[in-house]
Protein chains: 2
Amino acid sequence: MFFLIIMYYGVIFAITIKQIYKKNSIKKKTTIKDIANVLNISAAAVSKALHNDPRISDKTKKAVKQVAENLNYQPNHLASALRSGKSKLVGVIVPRTNSNFFSSVIQNIEQVLNKEGYNIIITQSNESFKKECECIDTLLYTQVDGIIASMANQTTDLSYYEKIKSKGIPLILFDRGENDLNVDYIGIDDYNSSQIIVKHLIEQGCKRIAHIGGYKRTRIFNNRIKGYLDALKKHHLPLNEELLLECDLTIEDGREKMLQLLALKNRPDAVYVAGDYAALGALQVLNEQKINIPNEIALVGFGNEPFSSMVTPTITSIEQHSSEIGKQAALSFLDYSKKETITQTLTKKILDVALLVRASSDRKNS
Amino acid sequence: MFFLIIMYYGVIFAITIKQIYKKNSIKKKTTIKDIANVLNISAAAVSKALHNDPRISDKTKKAVKQVAENLNYQPNHLASALRSGKSKLVGVIVPRTNSNFFSSVIQNIEQVLNKEGYNIIITQSNESFKKECECIDTLLYTQVDGIIASMANQTTDLSYYEKIKSKGIPLILFDRGENDLNVDYIGIDDYNSSQIIVKHLIEQGCKRIAHIGGYKRTRIFNNRIKGYLDALKKHHLPLNEELLLECDLTIEDGREKMLQLLALKNRPDAVYVAGDYAALGALQVLNEQKINIPNEIALVGFGNEPFSSMVTPTITSIEQHSSEIGKQAALSFLDYSKKETITQTLTKKILDVALLVRASSDRKNS
DNA sequence: TATAGTTAGTTAAACGTTTAAGCAGTTTGA
DNA sequence: TCAAACTGCTTAAACGTTTAACTAACTATA
């Protein structure tokens, strides 16, 4: 055994301990042929026995399964998928996995699909259109039986998604979905969510409600903006252009846009931010400037990321029921995959949200 | 088109809009045979042309690639993997994806492996031994070329991991790795990390340093405990059994153990928590009880989860350089996969950490 | 000018399954 | 009693590639 320092860059310092050892003598993997040889029957009979085909006797089935067990037989997915034309794999494309929303959706997709014998391949677009195209190519290459995706912010060109459809592979979109594609979609009612938030803020006595939103080109953010504007109208509050801002909804964007709002001659008394990360940025600015939340300015976020209930003050937010979105997306796929008919139903599932009122907008308990 | 209310349970309310439309007439996927037919050459020639085999003329190569493009050819991974015995897929097993640490590791594994033509399949064990075994079976079934894993907390029986090794499939462990398995491992120096933390707290003037740790049976937590104890000894601080607690390091555990520490006749003046989630729980309790952080009790976490810099006060924590861990894990796999020799080197890479001093333990700036 | 070497392919088998079709031998039924 | 039906298999082809081995047609060499 010897020690070896292999690198030193920045703060990272690694020690590698190397040991020479014999590579395992790799046993050739057992196949159905091996099982067939042991029992002196045909490989086809083994295959059928393992699939509980009624045309095989119970006696033979038992024997096959016993031998399979003994030989540590592991079916070869590649071969069966190639032959049957079904890979039993479903591709998932998300902008990123490290948001609670997406990882929760993924977890639930997996749960539902695993029960039906499917496994999932997760790919990340990192909000980049180019990467998203690569993800789609990867998944098509892997011969997935279906794709469940939430589009990258950047994406406007849908030709890659059309490619999926044109190959006859079921495509289900969630959260960020484009209407024009005519595919199954699972999401929430963004328009209505905005209405709920604005109503809540008005009930708290707010009169000048600002909105830090996402870009209009993304449908969900556009809907939130529309809902915000219509709610103001409905409650006879004046619309004010300077109170409506668009950005990418990162923490930094939230800080920047909040500062912009604070610089106004006539400051808002409430800010509805279309994403929790940006809401956090806004909160940091408000805290730094010692502005009382919620009495001076009330704050509402969107998405109920875990940290929204961890920061001080806790941030009122919209819970999107990510687990249900995941479940429904998976169910949509299963629905689709079971049908063999020439016509297919297009399903759009819209789930209701829940407003979680927390300290950042709860004037009555502050 | 018709509207249909499909469910109503709890707060979730979904509307399904159904549309009947014609299923796409599924074009049969193009294969190399189709390309061969167009050009009147053999399928083998097409395959070679696509792989830039030197025995094929540039002219033919160009023609093949052109036709492939025109016919929208997508290679069939199942067939090539089956034939070549290499699936170009690498399995990843993590306890969960919704921690920043793991999702960052995954992202970097993916980045490195994608460049080499590999794709990854992510599976989650949810900290359950049973689920972990299922993950392994799934991955073996999918014929992955290698497995990169971080073990579930629960796991003590290593026979499933032995199964991977016995099939000759490269196995690389990170973060939570068992020494006895004799496989490549990437991790940090937990022992030293504890020493760094204790030293920092002593420099802040702390004299009664408590440790809310993970369970000793998990190697990394055991090492953190050992490091903590040895550091106390080294700085001539008395060891005190009541200041050393073990738990699962959830938020709730953190709350509970912090309350336990506060109930002591002789309270600690610093608490080092072996995980950020538990540290957050501890912080909540301290805030609720209006205990001054860091002057009355200083707090240090572990893992640098994003929220540790978002809460009030911000929590001092250990950055594990997750991106580097991911990169190194991927590189270890690539290293392994390239070698065909009968002997193999066993590599353990230990990365250094960084202590990020924040408000929760920074007495000088408070 | 025979021989070896190179070029640019072709042929056919193989990877491990699944599955349609076939076929003995037995059982059933009118 | 004999056709029909059933039982429990076997045979062989197929899924889409890759690849070892072969070949035909040139080209270079001695």
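Convention: sequence-line order gives letters A, B, ...; per-chain numbering from 1.
- A heavy atom lying under 4.0 Å from DNA chain D marks none of the residues of residues 55-66 of chain B.
- Atom CD1 in B:I41 sits about 9 Å away from atom C1' in C:dG9, given to the nearest Å.
- The phosphate of C:dT17 (OP1 or OP2) has no side-chain N or O of B:Y141 nearer than 4.0 angstrom.
- Neither OP1 nor OP2 of D:dT11 sits under 4.0 Å from any side-chain N or O of A:S42.
- OP1 and OP2 of C:dG16 both lie 4.0 Å or more from every side-chain N or O belonging to A:S80.
- One donor-acceptor pair, N or O on each side, does fall under 3.5 Å between the base of D:dT10 and the side chain of A:K48.
- Side-chain proximity of A:S84 to C:dT19, C:dT11, D:dT17: nearest is C:dT19.
- Checking D:dT11, D:dT17, C:dT18 against the side-chain heavy atoms of A:H51 singles out C:dT18 as nearest.
- Here C:dG9 presents its P atom at 13 Å from CG of B:L50, a figure rounded to the nearest Å.
- Among the nucleotides D:dG16, D:dA12, D:dT19, the one closest to the side chain of A:A44 is D:dA12.
- Atom pair B:N40:CG and C:dG9:C1' shows a separation of 13 Å (rounding to whole Å applied).
- Rounded to whole Å, atom P of D:dG16 lies 17 Å from atom CG of A:N76.
- Distance from the side chain of B:S47 is smallest to D:dT18 among D:dT18, C:dT17, D:dT19.
- Applying the ring pair (Phe, Tyr, Trp, His ring centres under 6.0 Å) criterion to B:Y141, with sequence neighbours excluded, gives A:H77.
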